[in-house]
Amino acid sequence: MALAADQEPTSPRPVVEVAVGVLINGAGAVLLGQRPDGKPYAGYWEFPGGKVEFGETLFAALSRELQEEIDVCIDQAEEFMVLEHDYPHAYVRLHICLVKSWQGQPRGLENQALGWLNIKDIDRLSIAGFDPVLPATLPILEKLKNLEVF
Ligand SMILES: Nc1nc2c([nH]c(=O)n2[C@@H]2O[C@H](COP(=O)(O)OP(=O)(O)OP(=O)(O)O)[C@@H](O)[C@H]2O)c(=O)[nH]1
Ligand SMILES: [Mg+2]
């Protein structure tokens, strides 16, 4: 039996693969950036990173995005977690990597503010000046609370 138009199964939304980098410094702080004007969720804090391009490895995408956004060249990256989130503008799959070694001093190449958040202050985001944070970035911060950095 044919389905009525309003019962048709909806086609799955395309998944946008995203490479996200959590830079951790020697003081146990992680680098956040504020999304620039013109992007969805402008003004929200996030970890640097962006969409994986066709044919690119995760590491290549992460290296490129961090070079483009914060002007650093990463030496290594280790997988930390993968999570998916359904935004109104896109269904995203975030591949989050920890980065403990890089060359250069991070600076916002897209006119975005950058800031270091000590892992000890993750429960005080507002006081620390990192409010609001992207919805799908919150579970990353939650998991970072349990990280043994040193
Ligand atoms: N970079 C980054 N993206 C995140 C995080 N959390 C999160 O939900 N996203 C989502 O991942 C998606 C892609 O990230 P993006 O907007 O940085 O992509 P991009 O740098 O390639 O931007 P562009 O398309 O303007 O070139 C966005 O829908 C964004 O909302 C995060 O912590 N970091
Ligand atoms: Mg980006």
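No experiment lies behind these values; they were computed from the predicted model shown. Just so it is clear, the values below take in all heavy atoms, side chains as well, and ignore hydrogens, waters and symmetry mates. We count ligands from 1, going down the list as the structure has it; atoms in each ligand are counted the same way.
Within the protein, the number of N/O/S atoms found under 2.8 Å from the Mg ion (ligand 2) is 2.
Here the NZ-NE2 distance, from Lys39 to His89, works out to 10.0 Å after rounding to the nearest 0.5 Å. Atoms CD1 and CG, on Ile119 and Leu141 in that order, are 9.5 Å from each other to the nearest 0.5 Å. Residue Ile74 holds its CD1 atom at 4.0 Å from CZ of Phe59, rounded to the nearest 0.5 Å. Annotation: the span from Ile24 atom CD1 to Leu98 atom CG amounts to 4.5 Å, rounded to 0.5 Å. To the nearest 0.5 Å, atoms CD (Glu142) and CD1 (Ile122) are separated by 8.0 Å. With rounding to the nearest 0.5 angstrom, the CG atom of Asp131 is 7.0 Å from the CG atom of Leu125.
Residue Gln105 qualifies as open at atom CD: its count of foreign heavy atoms under 6.0 Å is 12 or below.
Between His85 and Tyr87, the ring-plane angle classifies as tilted under the 30° and 60° cut-offs.
Taking each heavy atom of Leu62 and Ala77 in turn, the nearest pair found is CD2-CB, 3.8 Å.
Listed by chain and number, Val18, Val20, Arg35, Lys39, Glu46, Phe47, Pro48, Gly49, Gly50, Lys51, Glu65, Glu69, Tyr87, His89, Val92, Leu94, Leu134, Ala136, Thr137 each place a non-hydrogen atom less than 4.0 angstrom from ligand 1.
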